[in-house]
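Notes follow the structure.
Quick note: numbers below take in every heavy atom, side chains included, and nothing from hydrogens, waters or symmetry partners. Note that this is a predicted model, so its numbers are computed, not measured.
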Amino acid sequence: MSEAKKIAVVTGAGTGVGRAAALALMDAGFTVVLAGRRLDKLEETAKLGPAGKSLCVSADMTNPGSIAALFAKVSETYGRLDVLFNNAGMGAPPVNFEDLSLEQWQAVVNTNLTGPFLCTQHAFRIMKDQSPRGGRIINNGSISAHAPRPFSAAYTSTKHAITGLTRASNLDGRAYDIAVGQVDIGNAATPMTDRMVAGPGVMQPDGTMKHEPRMDAKAVGDAVAYMAGLPLDANVLFMTVMATKMPFVGRG
């Protein structure tokens with residue numbers, strides 16, 4: 001099937017990496033369902049892409065009913081789903097480990113882990129029963145899926161868990177021609193990482209504060225579009241896209 005007839009869903013499509021990925025997928029020919037909480041931001045993304053290549057759907061990744069309604073809309077409108085990019089995510093305030101509240105922990109888990117789990121379940125149901133059968137699911141991991149930053153227990157834990165979800169769903173999807181992969185992102189220039197280049201910067205493992213290099217989020221969008229465009233007999237299981245000079249490799 002040509003990309004011109006393929007349908008993709010991107011969660012958190014209103015800003016940052018989600019917007020970059022949605023635009024890259026549209027430019028590659030996909031019709032993209034833009035999902036997120038703020039309809040105005042989704043509409044901004046839609047206007048930046050080719051006319052007629054997107055559909056904006058307000059959806060809350062912490063609400064199982066809202067997630068179900070999103071995928072029902074996809075089925076009703078297009079009758080199939082070829083690509084899901086589980087992108088929506090959040091972090092908790094950078095507080096001492098022992099001061100992180102249960103409510104803050106649960107908010108991150110609900111958005112970063114339970115949301116993608118539910119989206120993946122809905123995608124499986126559509127992809128296994130459609131014709132042609134199968135599809136691709138791409139999870140937004142993080143450099144935090146490999147190594148934490150200070151005061152990031154909730155975010156880091158969910159991103160490690162996403163790696164487990166990627167591996168398990170990739171295995172379970174084989175029987176239905178569903179390929180699952182993960183893109184681990186480091187220091188993409190988005191509103192979420194503005195703090196890396198503003199004020200004192202971000203905390204380092206030794207307790208100092210420093211500015212850090214970032215990369216254009218388009219690099220991530222292009223990587224997602226590459227993964228999405230592969231034939232289903234090929235898969236990128238894990239890809240790391242990071243700012244070349246960010247403090248990750250080596251001793252910082």
Side-chain angles (χ1 to χ4, degrees), residues 1-36 42 45-46 48-50 52-57 59 70-71 74-75 77-89 115-116 119-128 130-142 162-163 165-167 169-170 173-174 176-185 188 190 215-242:
M1 182 180 295
S2 70
E3 274 72 11
K5 297 181 180 179
K6 288 190 174 181
I7 308 303
V9 170
V10 176
T11 66
T15 59
V17 165
R19 174 175 286 180
L23 293 175
L25 287 167
M26 283 188 266
D27 287 342
F30 287 82
T31 296
V32 183
V33 178
L34 308 170
L42 300 178
T45 300
L48 293 171
K53 297 298 291 183
S54 62
L55 173 68
C56 299
V57 179
L70 165 65
F71 286 90
V74 172
S75 293
T77 305
Y78 300 109
R80 68 176 295 108
L81 174 63
D82 298 282
V83 172
L84 164 65
F85 181 33
N86 278 317
N87 166 72
C119 288
T120 298
Q121 282 193 320
H122 285 288
F124 261 53
R125 295 183 185 113
I126 297 171
M127 291 173 175
K128 68 185 288 189
Q130 64 192 10
S131 181
R133 187 178 72 172
R136 188 177 305 276
I137 299 168
I138 303 168
N139 293 323
N140 183 341
S142 172
I162 283 292
T163 298
L165 179 65
T166 297
R167 289 190 168 117
S169 55
N170 179 71
R174 287 182 186 178
Y176 311 112
D177 300 312
I178 298 172
V180 185
Q182 179 170 320
V183 56
D184 292 326
I185 303 163
T190 69
M215 63 175 177
D216 192 328
K218 184 179 183 298
V220 182
D222 290 344
V224 170
Y226 164 72
M227 295 168 74
L230 288 172
L232 290 179
D233 62 357
N235 186 40
V236 175
L237 185 60
F238 294 103
M239 178 189 290
T240 300
V241 184
M242 56 180 276

How long is the gap from CE on Met215 to CD1 on Ile185, to the nearest 0.5 Å?
6.5 Å
Please confirm whether the backbone N or O of Gly29 pairs with a side-chain atom of Lys53, one donor and one acceptor, at under 3.5 Å?
yes
Identify the two heavy atoms, one from Val83 and one from Met127, that lie closest to each other, and give their separation to 0.1 Å.
N-CE, 4.1 Å
Going by the angle between their ring planes, with limits at 30° and 60°, are His122 and Phe71 parallel, tilted or perpendicular?
parallel
Where Asn87 and Gly12 come nearest, the two heavy atoms and their spacing
ND2-O, 3.2 Å
Contact summary for Ile178 and Gly134, nearest pair of heavy atoms
CG1-CA, 4.2 Å
Spatial distance of atom CD1 (Ile7) from atom CZ (Phe30) [nearest 0.5 Å]
9.5 Å
Which pair of heavy atoms, one from Ala188 and one from Val17, lies closest together, and at what distance?
CB-CG2, 4.1 Å
About how many Å separate OH of Tyr176 and CD1 of Ile126, when rounded to the nearest 0.5 Å?
15.0 Å
Arg167: side-chain hydrogen bond (donor to acceptor under 3.5 Å, both in side chains) partners, not counting sequence neighbours
none
Tell me, please, which residues at least two apart from Ser169 pass side-chain hydrogen bond (donor to acceptor under 3.5 Å, both in side chains).
none
Closest heavy-atom pair, Leu81 versus Ala123, reported as atoms and distance to 0.1 Å, is CD2-CB, 3.9 Å
Check the pair Gln182, Ile162 against side-chain contact (heavy atoms from CB on, under 4.5 Å), reporting the backbone distance first and the verdict last.
CA-CA 8 Å; Gln182 179 170 320; Ile162 283 292; 3.6 Å; yes
Checking Arg19 side chain against Ala13 main chain: does a donor-acceptor pair fall under 3.5 Å?
no
Distance-only criterion, 3.5 Å: show the donor-acceptor pairs between side-chain atoms of residues 222-240 and protein atoms not counting sequence neighbours.
| unit_1 | atom_1 | unit_2 | atom_2 | d |
| --- | --- | --- | --- | --- |
| Asp222 | OD1 | Lys218 | NZ | 3.4 |
| Asp222 | OD2 | Lys218 | NZ | 2.8 |
| Asn235 | OD1 | Arg136 | NH1 | 3.1 |
| Asn235 | ND2 | Asn170 | OD1 | 3.4 |
| Asn235 | ND2 | Val180 | O | 2.9 |

Do side-chain atoms of Arg80 reach the backbone of Ser131 as a donor and acceptor pair under 3.5 angstrom?
yes
side-chain contact (heavy atoms from CB on, under 4.5 Å) between Val33 and Leu70, worked out
CA-CA 9 Å; Val33 178; Leu70 165 65; 4.0 Å; yes
Working to the nearest 0.5 Å, report the span between OH of Tyr78 and CG of Leu55.
4.5 Å
How long is the gap from CG on Asn140 to CG on Asn86, to the nearest 0.5 Å?
9.0 Å
Heavy atoms of Met26 and Ser54 approach each other most closely as SD-CB, 3.8 Å
So how far is it from Asn139 CG to Thr120 OG1, rounded to the nearest 0.5 Å?
5.5 Å
